Visitor: 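This is the structure, below, for whatever I ask next.
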2 protein chains.
Amino acid sequence: MSPRKLEIHQVAATLMRQKGYANTTVRDIASEMNMEAASLYNHIASKEEILANICFQFADQLEQGILEINDIYFNAKEKLKMAITQHILLLTQDLDASYVFIHEWKYLTDDKKVEFIARRDVYEKQFRDIVVLGEKEGSFLEVDQKFAVITILSAINATIEWYKPSGSLTPQQVADKLTNFILTGLSNPHH
Amino acid sequence: MSPRKLEIHQVAATLMRQKGYANTTVRDIASEMNMEAASLYNHIASKEEILANICFQFADQLEQGILEINDIYFNAKEKLKMAITQHILLLTQDLDASYVFIHEWKYLTDDKKVEFIARRDVYEKQFRDIVVLGEKEGSFLEVDQKFAVITILSAINATIEWYKPSGSLTPQQVADKLTNFILTGLSNPHH
DNA sequence: TTGCAATACTAACAACCGTTAGTTAGTTTT
DNA sequence: AAAACTAACTAACGGTTGTTAGTATTGCAA
């Protein structure tokens, strides 16, 4: 991807986070790039291509990360902690693209949408494997797995709603907070 | 609200959950109602009015519920359990409206959007009070409150992503699972 | 220096958008 | 019976949408 094309994707992601995919027009993107809408089409094939690129690039990174984690032998707690950490690192690294990945993929159409859902399912499956491993080890409570994975991922993804890179928390600290919360909950065991 | 107007709101909520607010046209809504788009305007003032009604009606119910819970004296764990339960009951009762409330309020404009955010903040404040109470009691761990509330609410709201009314779980059972998860986490304490 | 790819432009298109105006038929209220 | 209200219609509006066609300008490779 050429530098100019990459720039377009970044600008588009920012706008789509602000206004949503459907309300972000190619003229908006072009304007922010100081060019005409038609000129965008020297770089991109369609508006949806931008959306697809952002979504799938993010999916690629997440998937690659969790596959590596599950490839190497760790116990479930370590794996969960690593998975959460890499997920948070990716999210906080580009909040605009993250937002599009989490919320705007719905506006993909036909094949692309089907493909995206399949890719997301792969990721969730890898996550579920960690939960299953924990149950086998006895280190995790037995839970409804689909419920658990969706709940955990939603809690993790909520990070983009409040995280400010200019704030005092590092991404690693956020990951630690979340890991803690997901493992031990809110309740004080010494009460 | 007349029965016909209510019907329009339900149809609109269903479509907006399927396609998003921006991609749901008044012609779509009218078509689903077997009427012409212009005829809708005998019942509604604007497309945005529909969105606002759905969002604020939901906000009203949530707010009223948690104020009642916080009005009566219970300990923090009981309050949290009750708050989660009423939230889940409302969500599962109308998944379409819930989706619009959770995701599509962003498409409100100007005053309405400001007002909605303010209302949401009121709700989150009530939730935060429960967490604070728990800390004072010593029954909850000390946590970053804003983080905790957003994380908990995101986990709760994720219910609409997977819950099927035709499935085997009752809303109360979902609420119990979530309360359990949020209080004690995934980790097995006897390991 | 010529040629070519990259990148921008202007102009326009067909489709679709939310909404308004004006009208009509049927029902309810006075 | 007259008046008012309800809820539907057709027609059309001004604006916006993603996209295409055709053209000009640039900078680098041959």
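The sequence lines fix the lettering, A, B, ..., with proteins before strands; numbering per chain opens at 1. These figures come from a predicted structure and were not determined experimentally.
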Visitor: Can you tell me how far P of dT17(D) sits from NZ of K47(A), to the nearest Å?
Guide: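 Spelled out: NZ on K47(A) to P on dT17(D) is 9 Å.
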Visitor: Using whole Å, report how far CD1 of I44(A) lies from P of dA8(C).
Guide: 12 Å
Visitor: Rounding to an integer number of Å, can you tell me how far R27(A) CZ sits from dT16(D) C1'?
Guide: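 About 7 Å, once rounded to whole Å.
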Visitor: If the condition is side chain to side chain contact (heavy atoms under 4.5 Å, CB included), which residues does V122(A) pass it with, not counting sequence neighbours?
Guide: E63(A)
Visitor: Round to a whole Å and report the spacing from CG of L15(A) to P of dG18(D).
Guide: 12 Å
Visitor: Without decimals, in angstroms, what is the distance between K19(B) NZ and dC17(C) P?
Guide: 8 Å
Visitor: Which whole-number value in Å describes the distance from L40(A) CG to dA8(C) P?
Guide: 9 Å
Visitor: Provide, to the nearest angstrom, the distance between the CD1 atom belonging to I8(A) and the C1' atom belonging to dA6(C).
Guide: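 Checked: the CD1 to C1' distance equals 12 Å.
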Visitor: Enter the distance from L51(A):CG to K106(A):NZ here, rounded to the nearest 0.5 Å.
Guide: 11.5 Å
Visitor: Under 30°, 30 to 60°, or over 60°: which ring-plane class applies to F56(B) and F116(B), parallel, tilted or perpendicular?
Guide: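 F56(B) vs F116(B) ring planes: perpendicular.
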Visitor: How many whole angstroms separate atom CD1 of I29(A) from atom P of dT16(D)?
Guide: 17 Å
Visitor: Do other residues, nucleotides or ligands put more than 12 heavy atoms under 6.0 Å from K5(B) NZ?
Guide: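 Yes, NZ of K5(B) has more than 12 neighbouring heavy atoms, counting only those of other groups under 6.0 Å.
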Visitor: Might you confirm whether atom NZ of K19(B) has over 12 heavy atoms from other residues, nucleotides or ligands at distances under 6.0 Å?
Guide: yes
Visitor: Can you tell me if CD on Q172(B) sees more than 12 non-hydrogen neighbours from other groups inside 6.0 Å?
Guide: yes
Visitor: Write out a two-atom table: protein N or O, nucleotide N or O from nucleotides 7-11 of chain D, distance below 3.5 Å.
Guide:
unit_1	atom_1	unit_2	atom_2	d
dA8(D)	OP1	R4(B)	NE	3.0
dA8(D)	OP1	R4(B)	NH2	3.0
dA8(D)	OP2	H43(B)	NE2	2.7
dA8(D)	N7	N42(B)	ND2	2.3
dC9(D)	OP2	E36(B)	N	2.6
dC9(D)	OP2	S39(B)	OG	2.7

